[in-house]
Amino acid sequence: MLAAEADLAVSRAVEKSNMQALHDLQADERFNRQALHDIASILFGGLGTPDHAGQDAVGLVIPTCDRPQSLRRALTSVAAQSRRPDKVIVVNDGQERIENIVLEFSGRLAISILHTGHPYSGPSAARNLALDVLDTPLVAFLDDDNLMWPRWIERAAAFLESDPKIDIIYGVQLRDAEFSKTTKNWFLVPFDFEELKQGNYIDLNQLMHRKSATRFDPLLKRLIDWDYVLRLIDSRPDRIVPVDAISSLYLASGFDRISVALWPPDLGRSIAEREGATGAPLPAGACVCSCCNFTGKFLPGPDGRPNAGCPQCGSLERHRFLQLMGPLLRSRWVPETRPFERAALVEVAPSSATLPFRRLFGISKTVDADPQADGRVVDIVASLTDLPFPGDYADVLLALHVLEHIPDDRKAMAEIARVLAPTGVAILQVPLSDRDTTDEALLDTAEERVARYGQADHVRLYGNDFFARLNEAGLTCAAVSPRDSMSSESIERYGLLPDQALVFAVRFDATRAKECLEYFVSSLTRQTWTGQPRKA
């Protein structure tokens, strides 16, 4: 008896020690996802046999793509469940073989492998393949770069089994998300259907639902979770609830963050998805400002063009087009490993209308060589030909209608290349003529410059050799216009100039940035990028 009591005392002491260690890890500013999971597995994991008489079977879907070690970690977390899933389907969407890894878990999990028809078909196609063969009453998801909390399947399934009025639940993620409005590490947003329509706060790794005919849209490259959850809910928001049960451990930043490439969808489609078609009908002659959400009649532009200026924030067509691209640009050009507070943007000759775009970045620096001339308030007084930043500094450098004012524009272009980070992009716009070469003869009077270049303080009118000049400075570039990337309804709605393109330039020596540029332009314009921008 004394020996048994001693064993019990030791067991309780070990459990208390583990619980304290788990508490310390959760409270620590440092986020150690693996350590959290390992201690939780000791405390909450179990034999986890898949035989649950009288309980609804649970199927688990895990898409994977050329990340064998991350898949092994994910499956280890599944095998540590206090109630193991009844079926696990791993869908290989890559080219690396995973059979040996899956075989490691075949004695503990009822696991099988499927393969997409073609490698890199995307997570939507991979998940749909699994959903088509799963016959379990309950379905859960796990991405191969996340870890499942040891008690998630047990608690989530028990909740759905106990309440037939609920079809979908989502739980807590432990994450170090710098954007989270909730307490650090504890990510659970109360359910609000109207808020969900505006933006997603439910990750697939938080989700368990009853078997459904709903499938993922294979055409979507982003907003995949959001689209699936909204269609899963349909018109019955009373059938989904959040639960205070931890679902998964999610690493939102740090150098071991693993994520698939972010391919932006067609811009017009993205806008339509957020607003429902092209949004609510507008009064005759009215437009919407994407920078400040003003709805009404816009003001004419400096040259009399209609619907040019927002009367509330002063945005012009280029600012509204930039703002519509904002979330795609932010997610595409700032690495996932870069914490928000270190994501840097530099804007030269800033506009107040770009402030919402600048707020997407933790570091935002505004620069102008002569701010008093236009009444600007800037952070730094400096010329684009001599920026006071170190090399490899900016994730995004924004210079809209600046280069045509600078006498030595080639030096300015070289400075852009110097300041850009290896993964960074410059967003440029200049007045372009339909000529092949740039007109930049020295002119003495303001009247001559207005007549020839369109404005008294312009020193040239660029032709299609603008892109060659950028190439000579070490930049490769591509142009995207509203006509390329958006529906005619959206162009009219936001008061855009269909052919007023933004030029995206990246360092010629940055392989990753050039790949990003290729994917970005191809997906926005629905055409293969040849590496050369089209002529204006």
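Residue numbers run from 1 in the order of the sequence given. This structure is a prediction, so every number in the text was calculated from the model and none was measured.
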Checklist outcome for this item: Residues passing the salt bridge (Lys or Arg N to Asp or Glu O under 4.0 Å) test with Asp192, sequence neighbours excluded, are none

Over all heavy atoms of both residues, which pair between [X] and [Y] is shortest? Give the atoms and the distance, please.
X	Y	result
Ala157	Met208	N-SD, 3.7 Å
Tyr393	Val346	CE2-CG2, 3.8 Å
Gln206	Gly171	NE2-O, 2.7 Å
Pro482	Leu497	CG-O, 3.4 Å
Asn128	Pro218	ND2-CD, 4.4 Å
Leu428	Ala505	CD1-CB, 4.5 Å

Judged by atom type as modelled, is there a donor-acceptor pair below 3.5 Å linking the side chain of [X] to the main-chain atoms of [Y]?
X	Y	value
Ser77	Met148	yes
Asp93	Tyr120	yes
Asp225	Asp203	no
Asp484	Ser481	yes
Ser364	Phe361	no
Ser351	Ala353	yes
Trp226	Leu196	yes
Gln323	Phe357	yes
Asp395	Ala344	yes
Gln173	Leu249	no

Item to check | Polar contact flag, side-chain donor to acceptor under 3.5 angstrom, Gln69-Arg72 | outcome: yes

Item to check | Ser315 side chain to Arg320 side chain, donor-acceptor N/O pair below 3.5 angstrom | outcome: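 Distance-only check passes for Ser315 and Arg320.
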
Approximate separation, where rounding is to 0.5 Å, of [X] [atom1] and [Y] [atom2]:
X	Y	atom1	atom2	result
Asp56	Leu160	CG	CG	8.5 Å
Asp66	Leu71	CG	CG	11.0 Å
Ile98	Cys65	CD1	SG	10.5 Å
Arg359	Thr354	CZ	OG1	10.5 Å
Arg73	Leu147	CZ	CG	7.0 Å
Arg236	Asp167	CZ	CG	6.0 Å

Are any non-hydrogen side-chain atoms of [X] and [Y] less than 4.5 angstrom apart?
X	Y	result
Val506	Thr476	yes
Glu99	Asn92	no
Ile202	Val189	no
Asn205	Trp152	no
Arg358	Leu355	yes
Arg84	Ile153	no
Asp86	Val58	yes
Ile111	Val78	no

Next on the checklist: Under 4.0 Å between a side-chain nitrogen and a carboxylate oxygen: does that hold for Arg507 and Asp392?
Outcome noted: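 Salt bridge present between Arg507 and Asp392.
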
Item to check | Salt bridge Arg239-Asp234, side-chain N to carboxylate O under 4.0 Å | outcome: no

Next on the checklist: Let's go through Leu496 and Met486 carefully: what are the C-alpha distance in whole Å and the side-chain angles of both, what is the deciding distance for side-chain contact (heavy atoms from CB on, under 4.5 Å) to 0.1 Å, and is it a yes or a no?
Outcome noted: CA-CA 10 Å; Leu496 307 179; Met486 299 173 63; 3.7 Å; yes

Checklist entry - So with a 6.0 Å cut-off around CD of Gln500, is the heavy-atom count from everything else above 12? => result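 Buried by this count: over 12 neighbours within 6.0 Å.
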
Next on the checklist: Is it true that, when you exclude Arg97 itself, more than 12 heavy atoms of the residues, nucleotides or ligands shown sit nearer than 6.0 Å to its CZ?
Outcome noted: no

Next on the checklist: Between Ile169 and Val241, is the side-chain contact (heavy atoms from CB on, under 4.5 Å) condition met? List the steps.
Outcome noted: CA-CA 5 Å; Ile169 64 169; Val241 295; 3.8 Å; yes

For [X], what residues pass the ring pair (Phe, Tyr, Trp, His ring centres under 6.0 Å) criterion, not counting sequence neighbours?
X	answer
Tyr228	Phe141, His209, Phe216
Phe504	Phe520
Phe191	none

Checklist entry - Can you list every salt bridge (Lys or Arg N to Asp or Glu O under 4.0 Å) pair that touches residues 112-132, not counting sequence neighbours? => result Arg127-Asp143, Asp132-Arg215

Next on the checklist: Between Cys291 and Cys310, is the side-chain contact (heavy atoms from CB on, under 4.5 Å) condition met? List the steps.
Outcome noted: CA-CA 9 Å; Cys291 298; Cys310 171; over 6 Å; no

Next on the checklist: Going by the rule side chain to side chain contact (heavy atoms under 4.5 Å, CB included), which residues pair with Arg155 if we only count those two or more places apart in sequence or in a different chain?
Outcome noted: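 Side chain to side chain contact (heavy atoms under 4.5 Å, CB included) list for Arg155, sorted by chain: Arg151, Ala245.
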
Next on the checklist: Please determine whether side-chain contact (heavy atoms from CB on, under 4.5 Å) holds for the pair Leu207 and Val139, giving the CA-CA distance in whole Å, both sets of side-chain angles, and the decisive distance to 0.1 Å.
Outcome noted: CA-CA 8 Å; Leu207 202 69; Val139 177; over 6 Å; no

